[in-house]
Amino acid sequence: MQVLDPFEIVLFGGTGDLAMRKLIPALYHRFMAGQFDARAHILSVASSAISREDYIARAAEQCRAHLDGMEFNEARWLEFATCLDYQQADATRLEDYRALKARIADRDAQVRVWFLSMSPTFYTTMGAHMATAGVVTPQARVVLEKPLGTDRLSAARINEEIGKSFTEAQIYRIDHYLGKEPVQNLLALRFGNALFEPLWRRGRIRHVQITVGEQLGVEGRAKFYDATGALRDMVQNHMLQLLCIMAMEPPANSDADTVRDEKLKVLRALRPINADNVELKTVRGQYRAGTIDGKKVVGYADEPGVPAGSSTETFVAIKAEIDNWRWAGVPFYLRTGKRLQQQMAEIAITFDDVPLSIFPNRTQDSPNQLVIRLQPDESVTLTIMAKAPGDAMRLRPVSLALDLAESFKERPLSAYERLLMDVVKGNLTLFMRRDELDTAWSWIDPIRAGWAHAGNAPKTYAAGSWGPAASTAMIGRDGYAWRDET
Ligand code: BG6
């Protein structure tokens with residue numbers, strides 16, 4: 001573990017949900033681990049007129065509630081709290097940036113992280129004010145949350161505005177999936193083992209399924225979610241990043257730009273989906289009332305804050321294709337949604353079948369499968385065919401299962417712990433570069449345009465199911481089934 005020199009974080013949106021539930025607990029965890037000490041300064045900025053003491057009391061309460069498998073230690077919290085500070089400011093007022101700049105001037109020589117934990121709709125204004133007030137010091141960096149923009153053009157505008165103050169090397173665009181331990185493990189699995197590489201291609205792999213299922217609904221975020229939808233909330237960023245890590249060529253080293261170059265090549269090779277083929281290659285859905293784990297839940301249309309007649313999608317399934325030598329002809333099925341049957345994220349790789357079955361009693365045609373479960377329980381499972389006991393030569397699939405939590409006793413870092421520390425260290429590997437973002441939007445925008453052109457409402461699905469029947473039909477047309485529907 002690299003112990004960090006004193007640094008400063010200026011946390012806009014300091015009283016918000018992300019700051020309270022994820023960022024402050026993440027910083028507390030790293031403080032507890034000894035990665036930094038009380039000389040660090042975490043200045044939360046928000047519009048509420050509260051005192052530093054009030055802020056600390058609020059943060060303590062939230063931190064207690066959101067610690068990740070660790071006891072809250074009162075004495076250590078008090079030490080950590082000496083790092084915490086609060087400043088009332090309005091992110092849309094230029095004068096407030098000037099006041100902020102004067103307040104923190106004595107730490108200008110340190111690494112300073114501007115963390116904009118605010119809706120990206122504020123980013124152009126914030127970027128402009130930061131440039132005018134001249135707040136950027138040589139050691140400064142800025143962290144931007146997703147979704148950055150609502151399409152390629154709006155994302156470009158944000159990047160332009162932020163780019164007036166910060167160079168590309170100072171901009172950290174967060175996709176918290178990249179900070180997750182299991183996603184790191186996917187890199188380890190692919191590039192730390194020689195075993196998989198010869199199999200990781202067309203001719204060996206038949207298809208890949210990437211599922212990120214959530215049981216949660218919109219959880220009080222209706223305003224944001226209804227304007228965003230699953231395609232922009234999950235696919236444009238998290239799902240495409242998982243796809244990139246799964247599909248990219250081995251990078252020559254682990255430097256930020258080398259890795260990001262390889263991911264970019266995957267995004268560039270994605271076959272376009274537009275008005276001509278959107279109906280065949282995508283399914284969008286919206287949940288209606290249903291039951292999840294025995295509990296009745298309302299449909300999306302009845303969630304508080306959702307406008308009447310909303311046609312926002314809460315589910316998306318996509319057949320993605322990568323037009324390059326490694327992956328030509330191998331479909332990547334992506335699927336994500338709210339109020340699905342399970343809270344679960346996994347990548348399931350189905351290998352080709354044996355060229356010829358020599359066993360007359362082969363009871364089941366079941367190709368080998370490698371399932372990388374990212375959450376909730378991180379595991380890697382390989383199914384192979386084995387002979388079932390008995391006098392007949394009957395084959396049955398069995399699993400070689402590796403439970404990663406069992407294998408390693410150490411507590412894994414949460415995504416935000418890793419990402420925050422990476423920003424302070426200046427490591428950009430796990431952050432999206434501007435051209436990646438731009439290319440991801442270029443693939444997403446025609447899908448949305450295609451949906452608008454088709455003019456259909458999203459297909460409905462019962463909460464607690466795996467999405468609309470059309471999603472089963474989409475993959476079924478290729479002769480396959482979703483893994484949980486086989
Ligand atoms: C966020 C989305 O980026 O990711 C949320 O905005 C979603 O809608 C969340 O619930 C899922 O993240 P995780 O880490 O819980 O899988």
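Atoms within each ligand, like the ligands themselves, are counted from 1 in listed order.
Salt bridge Arg268/Glu436: absent, no basic N to carboxylate O contact under 4.0 Å. A salt bridge links Arg434 with Glu160: the distance from a Lys NZ or Arg NE/NH1/NH2 to an Asp or Glu carboxylate oxygen falls below 4.0 Å.
By the 6.0 Å contact criterion, CG on Asp377 is open, its count of non-hydrogen atoms from other residues, nucleotides or ligands being 12 or less.
Judged by distance alone, the side chains of Thr460 and Arg288 do bring a donor and an acceptor atom under 3.5 Å apart.
The protein residues lying under 4.0 angstrom from ligand 1, judged by non-hydrogen atoms, are Lys146, His176, Tyr177, Lys180, Glu214, Arg221, Asp233, Met234, His238, Lys338, Gln375.
Within the structure, ring pair (Phe, Tyr, Trp, His ring centres under 6.0 Å) pairs that include any residue of residues 419-461 comprise Tyr172-Phe431, Phe315-Tyr461 (at least two apart or interchain).
Residues Gln375 and Met344 fail the side-chain proximity criterion, which asks for heavy atoms closer than 4.5 Å.
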